[in-house]
Amino acid sequence: MNKEVNLLDQRAREVLEGNDKGGYTIPTAGLYPYQWNWDSAFAAWGFSVFDIKRAWQEIETLFAGQWPNGMLPHILFRQDDPDYFPGPTVWGTEGIGPISSSGISQPPVAATFIRAIWEKDQEIGKDHLLSLIPKIKAWHKWFMEWRVSKEGAVFITHPWESGRDNSPDWDGAMSMIVPKDIGEYKRRDTSHVDPSMRPTKADYDRYLWLVQRGNRLGWDETSMAKDQPFSVADPTLTFVLLRANKDLAFMSSTLGLPTDEIDQWCRTLEMGCASLRNPETKNFNAINLKSGEHTGHLTSASFLCWYAGMGDKSMLDLLKNTLQDTLYPIPSLDKNSSKFDGLRYWRGPTWPILNALIGLGLSDMGHEKEAETIRSRTRELISRHGFAEYFDPITGIPGGGKAFSWTAAVWLAWASPSVGAK
Ligand code: DGY
């Protein structure tokens, strides 16, 4: 392996180690000072390349925050940090879970990375897996019980649940919310990164209004489900949960555990994925469940179909076009959309984490050439511009937080030329 690759691999490890707060990893200092759910799962995947015990520890500290109803929170507030808003007092979840946390979840990528970590060393992994399987199952069951539409798609009740906070997929549903009486508040994110890269104030007013509603209702899912003001069926969650359930079923059956219930979840979610197919655009879109309409946006989440085993020829044609006309695919929003904004968070930038999931799915389904194109261009981005949160898909300019854990993890476990070369 050449010197430059060794240096980048080394730098990626340093990013993960630098964000390690002692058993758990923060996404990046300043902007995200706590343990985030899917960030942690990616970090564990990255750690598994050079320290498998630390990888299991990351997963275990994440699951330590699981609520009694199975929900695995999207943020664990392990120590108070006034530099982040909205913090624990705004969420008001005290006494519900074992660790101070937010009241919503995030894309359940953990089962898939747990499988990858376990497959690296089944001897070390076996006991970890045995204790984790019931916890993963309880989390997935919570999704199936509280977040699945009658068509079988997974919907979000807050944009942060999707992980794609300000995607245009939520614009229609967000505009139906009137964020009354939220009071004065001070954002912190815009003091860490340029406001032009972050969600707008109109978005934040609504994010906060939804958090305040959950707080008022004690985060009780039955109460929150009544007159739910925001519910959008999301391709990220639907594809990711289907894939996660397939991996959970695989691990369970290997350990001799029953899989009937999980298999049934997979059938439901397969129907849900089909419901996301927009009859007009033919690709997979979010659906605003309040209006019943597909959003019409082609996003990077649309291309997660292979990750869930649901890809087809029309999606492959669309993917090939995207690869042809975008220097650094996959943009989080089609660059021909009037809403495209190359550096504003989920409204255009290319995200190494989504690229890795899409690439894994394509490889699994035999589309090695397309997977390799995405991988090599993601590699080029990171080698040239560092371990940023995301990048402009046209210019490659880095955006958001720097020294980002999940970008370092994606480098180590997927994008680096040293992957597969050892
Ligand atoms: C943030 O604070 O921007 C996070 O994405 C919310 O989870």
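Both backbone and side-chain heavy atoms feed into the values below; hydrogens, waters and symmetry mates do not. Counting starts at 1 for both ligands and their atoms, in listed order.
Heavy atoms of Trp36 approach ligand 1 to within less than 4.0 angstrom. In this structure, Tyr345 has a heavy atom closer than 4.0 Å to ligand 1. Proximity of Phe85 to ligand 1 is not established, as no heavy-atom distance is less than 4.0 Å.
For the residue pair Thr378 / Asn355, a side-chain donor-acceptor distance below 3.5 Å is found, with atom types taken as modelled. Thr28 and Glu389 share no side-chain donor-acceptor pair at under 3.5 Å.
Of all atoms in ligand 1, numbered sequentially from 1 with element shown, those under 4.0 Å from a heavy atom of His74 are 6 (C), 7 (O). Of all atoms in ligand 1, numbered sequentially from 1 with element shown, those under 4.0 Å from a heavy atom of Tyr32 are 1 (C), 2 (O), 3 (O), 4 (C).
Close N/O approach between Arg198 and ligand 1 is found [any backbone or side-chain N/O within under 3.5 Å]. The shortest N/O to N/O separation between Asp165 and ligand 1 falls below 3.5 Å.
In terms of protein heavy atoms, atom 2 (O) of ligand 1 is closest to Tyr84 OH, 2.6 Å.
Cation-pi geometry between Arg206 and Phe230 is not satisfied (NZ or CZ under 6.0 Å from the ring centre, within 45° of the ring normal). Cation-pi contact between Arg78 and Tyr34: absent, since separation from the ring centre below 6.0 Å together with deviation from the ring axis within 45° is not met.
Within the 3.5 Å criterion, the main-chain N or O of Asn283 finds no donor-acceptor partner in the side chain of Arg277. When atom types are taken as modelled, the side chain of Asp247 and the backbone of Ala244 share no donor-acceptor pair closer than 3.5 angstrom.
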